[in-house]
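Worksheet: the structure to be examined is printed underneath.
Letters A, B, ... are given to chains in the order of the sequence lines, protein chains preceding strands, and every chain is numbered from 1.
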Amino acid sequence: MLKIRLKKKCKKLYHAAIASICISGALVTSTLQATELGYPEKEELKFGFIKLTDMAPIAIAYEKGFFEDEGLYVTIESQANWKVLLDGVIDGRLDGAHMLAGQPIAATIGYGTKADIITPFSMDLNGNAITVSNEVWKQMKVNIPKQADGRPVHPIKADALKPVVNKFLNEGKPFKMGMVFPVSTHNYELRYWLAAGGIHPGFYAPHKGDTSGQIDAQALLSVTPPPQMPSTLEAGTIHGYCVGEPWNQQAVFKGIGVPVVTDYEIWKNNPEKVFGITKDFAEKYPNTTIRLTRALIRAAKWLDDNNNANRPEAVKILSQSNYVGADYKVIANSMTGTFEYEKGDVRSLPDFNVFFRYNATYPYYSDAIWYLTQMRRWGQISDDKPDSWYKDIAAKVYRPDIYMAAAQSLIDEKIMSKSDFSDLVDEDGFRAPQKHFIDNIVYDGKTPNAYINKFNIGLKDGDKL
Amino acid sequence: MPFLLKQAQTFILPMAGICCFLLLWSLTASNIETSLGKFPGPSAVATQMVNLVNEHNAERKKEDAFYIRQDERNKARMIKDPTYQPKVRMYTGKETFLDQIITSLITVLSGFLVAAIIAIPLGIAIGLSKNLNRAINPIIQIFKPVSPLAWLPLVTMVVSAVYVSPDPMFAKSFVNSLITVTLCSLWPMVINTSFGVVSMNQDWVNVSKVLSLPKLVHIQKIVLPASVPAIFTGMRMSLGIAWMVLIAAEMLAQNPGLGKFVWDEFQNGSSQSLSRIMTAVIVIGLIGYMLDRTMLQLQRMLSWDKSSAQL
């Protein structure tokens, strides 16, 4: 017995050594030489997720056997809300989870909970929308120009909402909206859209203990877990919300609200969720980390293969009660290339949810830096930071080295082809300056401070609350 | 005639009650329109019952396939790496409705047993000693009305902090549910047991005194048999409370079990969600009823006082 145990220990050490050599090899040279990937150190894993369609890569990797191909036996468990999920990963109840991109970043800089969480895999692009109640929509609609066929012109800007908010304020009523977590993409997207239309969404001032984010606010934003958004809107607690799918389409089906703008229209191909694990986990189980990344990459590719040909099957899987669980037709509405705004107003949006195209899975530093700029813009980061600080934090959290090691081994084993990752060979982690924001401001991840200074509403260089 | 009357009483009347209820239920259900469709009536629940059983069977098939695949993988790895010790890992798929029922039952019974082990000796001690009673009574009175929802956050945090082991024998979620159930179902048993001991027939106590029985023998021969009916009444109450508390705890903490099933379905918000929740509600009720009946049977078997075990 003892002998076996010793042997196991030795093997573990041996594997760890091999793996670390593999990773550092990939890191330093990133050459194309084939090194065989060792067996996973930890085989039984538990991943958490929130009931949203963008958890699809995890469900697909499980259902299509990609995890098992890697020798990983994964249990997938839905979580009550983003906070519970994050705590689960930090205290080890979960080995990894579908996370808001802001969560690992905020944890690393110590906003909210402090912990070292990294991501080797970005889960998707786009996939969110902003929905308002029927009542608000009725008032907004008069401010929106019409197309020839009588339908409203898209994208709808918050300019159309501004008179409604003003009316609320004049009557002394608060205008309330929901988002899913203080460091969620949704919070920043909603703020971005509101601010672009001249509505102030409020500042945070953590150094004064104010984490409600409502200083100077014209629209009051508060946290609601994604699956509860429609019922909260229905109950009249909030007048609108920003959330991922299927909870916007659900509002349409239930006839309780109208999605006015998708995040694709706020920022074309914006980064969304990431797959988060603790830094300790990645260091302790390097092979497992690479292997789970491989499985997720394959799942993402499967989701986008042949122009979304697999999406109907994916929707069927997601509509199972242990995954997202909403009705097939509700999930299919956004997952199969369309999006329904006002009831009956179905428009084509093939990129509403992107899982693999446009390097969606590659963890770009510039994506992380965008989140940091928004945290600074809204005061969650209370002090000025030099540009180098942004890069350093991004490099701590986003780990393209692990991603590339996984991609390389997939190529080596001929599971995927080189052309799948063709433009990632000389990647420095920064996307080219990005346009296509709803306010036409250009984002360059290399100059975060200059970017922050471009906004009319928001903290700038030197500002402190 | 008396025979028929008896039949009517034991059989026909309850059936009539159930029929009336079903009729009322399906009438009201068809008149309530929610944003997730109509409120589920009896027929929707019946359909879901069948669905849930089918899902369970489908999942079992997937489980078998999982073990076969795992076996093949292990064999393939043994060939590549002869030193490898093949491991059999538990199925990783979802828990079906039936699995959740079993989980809930195991949790509630373990929690209840732990509570009984603590409560009955404590109750006897309190019943025997007036001073102990005076000392402990205020604590019982304060903790008795506390809701499981208030206990749960405390229990969760404490268990996370204290129950740390790399390879725990029980899952943390199980321990959390168990402790919450124990904390809430403790009190009726303590109170009833002590009441049973206090209201014991004085003649028996006197007999024991005359025979000058040692303390332990006194408890064993006189106190315990005398208070058995009261103990069982307490246990029945406790089990009912334990079952109610467990479902609430599972819903709130997302611990596996029927409560989680209900909460997950609520979050899914599919057109079938409500009827699945309603099915769970009926099943929860039936199980609660069965638990109570089982306890009653036990009481009948073990208790000399048949009158207290009538209802």
Side-chain angles (χ1 to χ4, degrees), chain A residues 4-5 7-8 10-11 38-39 43-48 50-51 62-63 65 67-69 71-81 84-85 87-88 91-93 225-231 233-234 246-247 250-251 253-256 319-331, chain B residues 34-37 51-52 55 58-59 62 65-67 69-70 72-74 76-77 80-81 83-85 87-97 100 156-157 159-161 164 166-168 171-173 176 251-256 260-261 263-273 276:
Chain A
I4 296 172
R5 258 193 221 150
K7 247 188 200 165
K8 259 192 191 164
C10 288
K11 239 176 60 190
Y39 290 111
E43 294 161 334
E44 282 159 281
L45 303 172
K46 194 185 237 180
F47 294 158
I50 297 287
K51 288 181 177 284
Y62 181 87
E63 295 289 332
F67 283 132
E68 283 184 32
D69 286 350
L72 301 175
Y73 295 87
V74 177
T75 313
I76 301 170
E77 202 180 69
S78 73
Q79 305 294 311
N81 57 55
V84 168
L85 174 136
D87 290 344
D91 69 26
R93 186 171 57 76
Q228 263 106 66
M229 283 293 184
S231 32
L233 184 75
E234 198 178 2
W247 309 118
Q250 180 82 317
F253 271 83
K254 286 173 137 192
I256 55 172
S319 63
Q320 288 177 19
S321 62
N322 52 324
Y323 296 124
V324 181
D327 285 349
Y328 179 93
K329 54 181 186 194
V330 176
I331 299 178
Chain B
T34 74
S35 58
L36 279 176
N51 273 355
L52 287 166
E55 271 174 34
E59 196 65 22
K62 276 177 90 176
F66 170 87
Y67 283 118
R69 282 201 308 274
Q70 188 180 158
E72 280 165 5
R73 255 174 242 285
N74 277 341
R77 189 166 160 183
K80 263 181 105 174
D81 173 16
T83 56
Y84 177 63
Q85 301 282 324
K87 265 188 285 183
V88 178
R89 296 159 200 88
M90 296 295 282
Y91 179 55
T92 54
K94 68 167 172 182
E95 289 192 311
T96 65
F97 186 59
Q100 305 277 37
T156 317
M157 295 313 288
V159 168
S160 305
V164 199
D167 187 26
K172 262 185 194 165
S173 55
N176 284 339
M251 271 181 87
L252 195 73
Q254 297 281 292
N255 292 339
K260 183 170 164 59
F261 176 86
W263 190 246
D264 275 353
E265 283 301 333
F266 175 57
Q267 290 218 314
N268 285 347
S270 84
S271 54
Q272 303 202 331
S273 289
R276 288 163 82 99

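- Looking only at side-chain heavy atoms (C-beta outward), B/Lys62 and A/Glu63 come within less than 4.5 Å of each other.
- In terms of heavy-atom proximity, A/Ala80 sits nearest to B/Gln267 at O-NE2, 4.0 Å.
- Only the backbone of A/Val324 has a heavy atom closer than 4.5 Å to any heavy atom of chain B.
- Contact detail for B/Asp264 and A/Lys51: the closest heavy-atom pair is O-CE, 4.0 Å.
- Side-chain atoms of A/Asp69 and B/Arg73, non-hydrogen and from C-beta on, do get closer than 4.5 Å to each other.
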task = Quick one: do A/Phe67 and B/Thr92 satisfy side-chain contact (heavy atoms from CB on, under 4.5 Å)? Show the steps, please.
result = CA-CA 11 Å; A/Phe67 283 132; B/Thr92 54; over 6 Å; no
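- With salt bridges taken as basic N to acidic carboxylate O contacts below 4.0 Å, none links B/Arg89 and A/Glu68.
- Interface check for chain B: of the options A/Trp247, A/Tyr323, A/Phe253, A/Tyr328, the most heavy-atom pairs under 4.5 Å are formed by A/Trp247.
- Every residue meeting the side chain to side chain contact (heavy atoms under 4.5 Å, CB included) condition with B/Ser173, not counting sequence neighbours, appears here in chain and number order: B/Ala171, B/Asn255, B/Pro256.
- For chain B, the nearby part of A/Gln79 is the backbone; its heavy atoms alone come within less than 4.5 Å.
- A pairwise comparison of heavy atoms in A/Ser321 and B/Asn268 identifies O-ND2, 3.2 Å as the closest pair.
- Between atom OG of residue B/Ser270 and atom NZ of residue A/Lys329 there is a gap of 10.5 Å, rounded to the nearest 0.5 Å.
- The closest side-chain heavy-atom distance from A/Ser78 to B/Lys260 is below 4.5 Å.
- Aromatic ring orientation, A/Tyr73 versus B/Phe66: perpendicular (interplanar angle above 60°, classes split at 30° and 60°).
- Rounded to the nearest 0.5 angstrom, A/Glu43 CD and B/Gln70 CD are separated by 9.0 Å.
- To the nearest 0.5 Å, the span separating OG on A/Ser319 from CD on B/Gln272 amounts to 9.5 Å.
- Of the atoms belonging to B/Tyr91, it is side-chain heavy atoms, and not backbone ones, that fall under 4.5 Å from chain A.
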